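Down below is the structure, laid out as structure tokens.
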Amino acid sequence: MPEPEAQRRYLALFFPFLPVDRRARPGCNAPDSAGDDSAPLVLVEKVRGAMRIAAICPEAHAQGLTPGMMLADARAQVPQLGVEPHDPLADLQWLERLADHCDRFTPLVATDPPDMLVLDITGCTHLFGGEAALVAAAEDSLARFSDHVRSGCGDTPEAAQALARFAPGLSFARPEDGDVVLRRLPVAALRIEEEVQTALIRAGLKTIGDLAMRPSAPLAARFGEDLVERLDRLLGSADSRIVPRRSPPALRFETRFAEPIARTEAAMAALANLAGQAAEALEQRGMGGRHFAARFYRSDGRTFDLAAETSLPMRDGEVLMRLLHERLDALSDPIDPGFGFDMIRLIVPRIEPMAPSQLQLEGGAVSEEAFAALIDRLSSRLGRGAIRRFQPRDTHIPEQAALTLPAVDLPAPEPWAAPQTGEPPSRPIHLFDPPQPIEVIAEVPDGPPHRFRWKRQQHHVVRFEGPERIAAPWWKHAPGKSGLTRDYYRVEDARGRRFWIFRHGLYDSERPDPRWYVHGLFA
């Protein structure tokens, strides 16, 4: 029988004064305050033509100011008030940076804007000596980013969030103790609209426990189904999971340091050890990686990323390190260890089956693998979009018959249609984009070209082949409308030069005077 799934645990981190804390940190690009530094600070924004408070500092909160207040009312209540504009985009970017920092505790991190993070810490607590130790490590690590961090742990994301907002810092040895505290929280912990909160309080339902003792059907009928759904998720009656910012990788390897390492060479050596572990794990699974990403966690909270992609599945640790070194040398902003890295992580987000490579009889390596290795090195050095490969498409429109995509995105080129033996190519090597207009003289309006003028030169057609009729894709046009038909001709002029030209539109039935274009040149 399959083993039962472990009880999931979540850690919520609440930053009640995040906008103000952000402005107090170096490097946040906040404008200098022109007012008294000792005065309470509020951040304001215009709402429906009026200035309202969007965020406050702890001192302003202590004097009774709250977000949503009119600025005029706040100044009447606190005359000495510092006022600065609110920047929600910068706050969101700061929250993302906090989430990057929390990747060191678990790869499953979700943001809950504007002021909260939720971490799935299931199976991670033993790395820190237990859940309480992990929470303490997270709070201590985030202290350099924010002076005010509140935490809460629960069996559901909603429970952890409610505890972080309304009962921060509590530790429960038994799950039932946490459930008791949850039931004592006010109904505002459900994060419902203020009108619903007021209606519940007027009905005598002031706490989560008051709601939990009532049947679901009457609650849903009177206050809405959303209330019952939120209550079930909070108490664990309904399954609830977070949506991580990044999908869980197929494989993950990391190393932590008791003392931060302050040399890039030492960090790369530690990464080489992780690359060896990844190669061994991939070989045991009979798989290969297509994407490898390393992240260096600096002790001051900054993170640096280094990634490599391969065009074919690969599991050679030495080859991976060569690609990562190529990528490192190509960075315009080199990795700065600063006060040192305290953790390095290597993930393999994408793996594919990989059979053992077959050597040729004379002992040479398979040419496809050598070519793929060259593509990988050049892509790492020049950028993933610099080396591109043609990919055929299932379409009869000539200029859409092939796309150029990054070579590392394609496992192998698809076969191209080979021309018949002894027959000239049906398509030219060089296509003009867009096709170039020409002036054509034909014996009859819908007949083959007799002479044409292109780039101020006259070309007398001595041989031609065609037409090859290509209809427009009718399914891409509006009902009742269709594109113009093309009649292509392969022609040769008196000097032996060969052109691929077409008439755009059928004479009289589609256009009274169809235009002609040269679309390509044959070698």
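Since the model is a prediction, treat every value here as computed from it, not as a measurement.
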Q.
Between Asp300 (side chain only) and Arg302 (backbone N and O only), is there a donor and an acceptor less than 3.5 Å apart?
A. yes
Q) Salt bridge or not for Asp91 and Arg22, using N-O below 4.0 Å? A) yes
Q) Quick one: are the ring centres of Phe105 and Phe128 less than 6.0 Å apart? A) yes
Q: Side-chain contact test, heavy atoms from C-beta onward, threshold under 4.5 Å: evaluate it for Leu117 versus Phe15 and give yes or no.
A: yes
Q | Any side-chain heavy-atom pair of Leu185 and Leu163 under 4.5 Å | A | yes
Q | Residues Arg230 and Asp232 bridged, charged N to O under 4.0 Å | A | no
Q: To the nearest 0.5 Å, tell me how far Ile261 CD1 sits from Glu259 CD.
A: 11.5 Å
Q) Which atom names give the shortest non-hydrogen contact between Thr485 and Ala471, and what distance separates them? A) CG2-CA, 4.3 Å
Q. Below 4.5 Å, heavy atoms only, C-beta onward: do Trp94 and Arg23 meet side chain to side chain?
A. no
(Q) Looking at every non-hydrogen atom in both residues, tell me the closest pair between Thr111 and Ala99 and how far apart they are. (A) CG2-CB, 3.9 Å
Q: Salt-bridge test for Asp112 and Arg191: reply yes if a basic N is under 4.0 Å from a carboxylate O, no otherwise.
A: yes
Q.
I'd like to know if the side chain of Arg144 and the backbone of Ser141 have a donor-acceptor N/O pair within less than 3.5 Å.
A. yes
Q. Between Glu131 and Thr125, does a side-chain hydrogen bond (donor to acceptor under 3.5 Å, both in side chains) hold up when you go through it step by step?
A. CA-CA 5 Å; Glu131 184 175 292; Thr125 56; over 6 Å; no
**Q.** Distance (rounded to the nearest 0.5 Å) between Ile208 CD1 and Leu190 CG
**A.** 3.5 Å
(Q) Can you tell me if Arg184 has over 12 outside heavy atoms packed within less than 6.0 Å of its CZ? (A) no
Q.
Quick check on Gln436: does its CD atom have over 12 non-hydrogen neighbours (other residues, nucleotides or ligands) under 6.0 Å away?
A. yes
**Q.** Any Ile347 side-chain heavy atom under 4.5 Å of Pro107 side chain
**A.** no
Q | Arg290/Glu309 ion pair, N-O < 4.0 Å | A | no
Q. With distance as the sole test, does Arg285 use its side chain to make a donor-acceptor pair with the main-chain N or O of Ala281 at under 3.5 Å?
A. yes
(Q) Measuring only between side-chain heavy atoms, which start at C-beta, is Phe17 closer than 4.5 Å to Asp147? (A) no
Q. How long is the gap from CD on Glu254 to CZ on Arg345, to the nearest 0.5 Å?
A. 4.5 Å
Q | Ser216 to Val228 - nearest heavy-atom pair and separation | A | O-CG2, 3.6 Å
Q. Is any side-chain N of the basic residue among Arg322 and Asp316 closer than 4.0 Å to the acidic one's carboxylate O?
A. no
Q.
Heavy-atom count check: over 12 atoms from other residues, nucleotides or ligands less than 6.0 Å from Glu280 CD?
A. no
Q: To the nearest 0.5 Å, tell me how far Leu227 CG sits from Glu193 CD.
A: 11.0 Å
Q) Are the aromatic ring centres of Phe145 and His101 under 6.0 angstrom apart? A) yes
Q.
A quick test of your reading: do over 12 heavy atoms of other residues, nucleotides or ligands sit less than 6.0 Å from CD of Glu225?
A. no
Q | Donor-acceptor pair, side chain of Arg298 and main chain of Asp336, under 3.5 angstrom | A | yes
Q | Ring center gap for Phe502 and Tyr488 short of 6.0 angstrom | A | yes
Q: Return yes if some donor-acceptor pair links the side-chain N/O of Thr122 with the main-chain N/O of Arg9 below 3.5 Å, else return no.
A: yes
Q. Between Phe14 and Ala164, which heavy-atom pair has the shortest distance, and what is it?
A. CD2-O, 3.8 Å
Q: Check whether any side-chain heavy atom of Pro114 lies under 4.5 Å from a side-chain heavy atom of Leu18, and answer yes or no.
A: no
(Q) Return the CG to CG distance between Leu142 and Asp21, rounded to the nearest 0.5 Å. (A) 11.5 Å
Q. With the threshold set at 4.0 Å, does a side-chain nitrogen-carboxylate oxygen contact exist between Asp155 and Arg8?
A. no
Q. Backbone N or O of Ile121 within a donor-acceptor pair of the Thr106 side chain at under 3.5 Å?
A. no
Q: Please determine if Arg315 and Glu352 form a salt bridge, counting it only when a charged side-chain N lies under 4.0 Å from a carboxylate O.
A: no
Q) Is the shortest side-chain N to carboxylate O distance from Arg245 to Glu96 below 4.0 Å? A) yes
Q | Min side-chain heavy-atom separation Arg469-Arg486 under 4.5 Å | A | no
Q.
Main chain of Leu235, side chain of Thr156: is a donor-acceptor contact present, judged purely on distance under 3.5 Å?
A. no
(Q) Would you compute the distance between atom CD of Glu229 and atom OG of Ser237 and round it to the nearest 0.5 angstrom? (A) 12.5 Å
**Q.** For the student: nearest non-hydrogen atoms of Leu11 and Ala138, plus distance
**A.** CD2-CB, 4.3 Å
Q) Who are the side-chain hydrogen bond (donor to acceptor under 3.5 Å, both in side chains) partners of Asp103, not counting sequence neighbours? A) Arg246, Arg295
Q: Answer yes or no: does atom CD of Glu318 have more than 12 heavy-atom neighbours from other residues, nucleotides or ligands under 6.0 Å?
A: no
Q | Exercise: identify the closest heavy-atom pair between Ala270 and Ile344 | A | CB-CD1, 4.0 Å
Q.
Taking atom CZ as the centre, does Phe432 end up with more than 12 heavy-atom neighbours from other residues, nucleotides or ligands that are less than 6.0 angstrom away?
A. yes
